[in-house]
Amino acid sequence: ELEAALADAAEALWDEATRSRVQAARAAASGGPLPEGPARDTPAALALAYWAALPLLARDPAVQAPLRELEPALAGLDAEERLRRGPVLARAATPALALDLELLKDEGYRYVATYPPEGSEGVDIVGRAASWLTRRMTVDGQAPRLNMRRFLALLAEEVELELPAAAETLERLLAEPMPDAPGQDRMFLALARGLVEEAVAERGFPF
């Protein structure tokens, strides 16, 4: 559904003037010509639609719901404890990743299922699956991590007045340098863990 909506938006936004501006920017950056074809199949047009949709997505009550649930708990913590627990807020960015989430959940679940029942006592299998999933999500580059951070910045601005504890926590986390390794990125790791936990909750633990 998201892909179809973005394709429709790309067609609406990708007029000749926009295409010319994008082509001029590519030329200035020593890039090649834009591919020919309909807007809904043009990566640049789809990227434009994605960027245009992000502020609207940040205002969606369903996207803000996890922050609303955590706001009272965050407000009751001191600043440092809030920062320690805050990465879980990154799960609100899941819809903005532009990835096949069902496929990722399935792969994360399959990773969990590879562990044998015997000898796995006390092992954080979900955590290991999440760490693996961070690498899986970035196999083609760091765009998902950057998408997450850009969207969370928009989301923090959107909820700043209504959910001040969540907004401040996101802003402090985003001010930290992004680690080189995806598995060391606390927010991205929390997001990945959320996908694995969701898959386990839907299907049950494999053993």
Side-chain angles (χ1 to χ4, degrees), residues 1-7 10 22 26 29 31-32 35 41-55 57-58 60 63 66-67 83-115 123-157 166 169-203 206:
E1 290 177 0
L2 175 61
E3 289 177 0
L6 286 174
V22 173
R26 285 170 64 93
D41 296 327
T42 301
L46 291 168
L48 176 64
Y50 172 81
W51 277 101
L54 287 181
L57 189 60
D60 191 305
V63 172
L67 276 64
L83 194 63
R84 189 178 74 81
R85 296 176 179 267
V88 71
L89 296 171
R91 297 182 184 185
T94 303
L97 291 182
L99 295 172
D100 187 336
L101 299 180
E102 291 304 316
L103 174 62
L104 292 172
K105 284 166 54 178
D106 181 66
E107 292 182 355
Y109 187 85
R110 290 175 184 274
Y111 186 98
V112 170
T114 62
Y115 277 78
V123 177
D124 183 10
I125 300 174
V126 170
R128 293 188 178 185
S131 182
W132 173 83
L133 198 58
T134 63
R135 298 191 297 275
R136 168 67 181 85
M137 288 193 286
T138 54
V139 69
D140 293 324
Q142 300 305 313
R145 295 173 69 196
L146 296 171
N147 289 347
M148 176 194 73
R149 288 172 175 268
R150 289 164 178 156
F151 182 72
L152 290 175
L154 283 172
L155 190 56
E157 287 185 13
T169 303
L170 283 174
E171 288 169 356
R172 290 185 65 194
L173 287 166
L174 292 168
E176 297 176 352
M178 188 175 79
D180 292 334
Q184 298 300 315
D185 186 333
R186 294 195 299 151
M187 289 191 293
F188 198 58
L189 185 60
L191 186 153
R193 187 181 185 106
L195 291 173
V196 179
E197 289 177 351
E198 189 174 332
V200 170
E202 290 171 354
R203 306 184 189 188

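- Contact of the M148 side chain with the M137 side chain is not registered, since no non-hydrogen atoms from C-beta on lie closer than 4.5 Å.
- Other residues, nucleotides and ligands place more than 12 heavy atoms under 6.0 Å from the CD atom of E176.
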Apply side-chain contact (heavy atoms from CB on, under 4.5 Å) to residues Y111 and V196 and explain how you reach the verdict.
CA-CA 9 Å; Y111 186 98; V196 179; over 6 Å; no

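- For the pair L83/R186, a side-chain contact is recorded, criterion being any heavy-atom separation below 4.5 Å from C-beta on.
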Are L104 and L97 close enough, and set up right, to give a side-chain contact (heavy atoms from CB on, under 4.5 Å), and what steps lead you there?
CA-CA 12 Å; L104 292 172; L97 291 182; 5.7 Å; no

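- Partners of R150 by side-chain hydrogen bond (donor to acceptor under 3.5 Å, both in side chains), not counting sequence neighbours: none found.
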Audit row: R136, L103, side-chain contact (heavy atoms from CB on, under 4.5 Å) steps and yes/no:
CA-CA 11 Å; R136 168 67 181 85; L103 174 62; 4.0 Å; yes

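- Of all the heavy atoms in A10 and A49, the pair that sits closest is N-CB, 3.7 Å.
- Atom CZ of F188 is separated from atom CG of L133 by 7.5 Å, given to the nearest 0.5 angstrom.
- Here OG1 of T42 is found 11.0 Å from CG of L48. Values are rounded to the nearest 0.5 Å.
- A heavy-atom distance below 4.5 Å is not found between the side chains of L152 and L89.
- Between D185 and R149, some side-chain heavy-atom pair lies under the 4.5 Å cut-off.
- Contact of the L67 side chain with the L170 side chain is registered, since non-hydrogen atoms from C-beta on lie closer than 4.5 Å.
- S131 places a side-chain heavy atom less than 4.5 Å from the side chain of L189.
- Taking 4.0 Å as the cut-off between side-chain N and carboxylate O, R110 and D106 count as a salt-bridged pair.
- The closest side-chain heavy-atom distance from M178 to L146 is below 4.5 Å.
- Residues R91 and R193 form a side-chain contact, since some pair of their non-hydrogen atoms from C-beta on lies under 4.5 Å apart.
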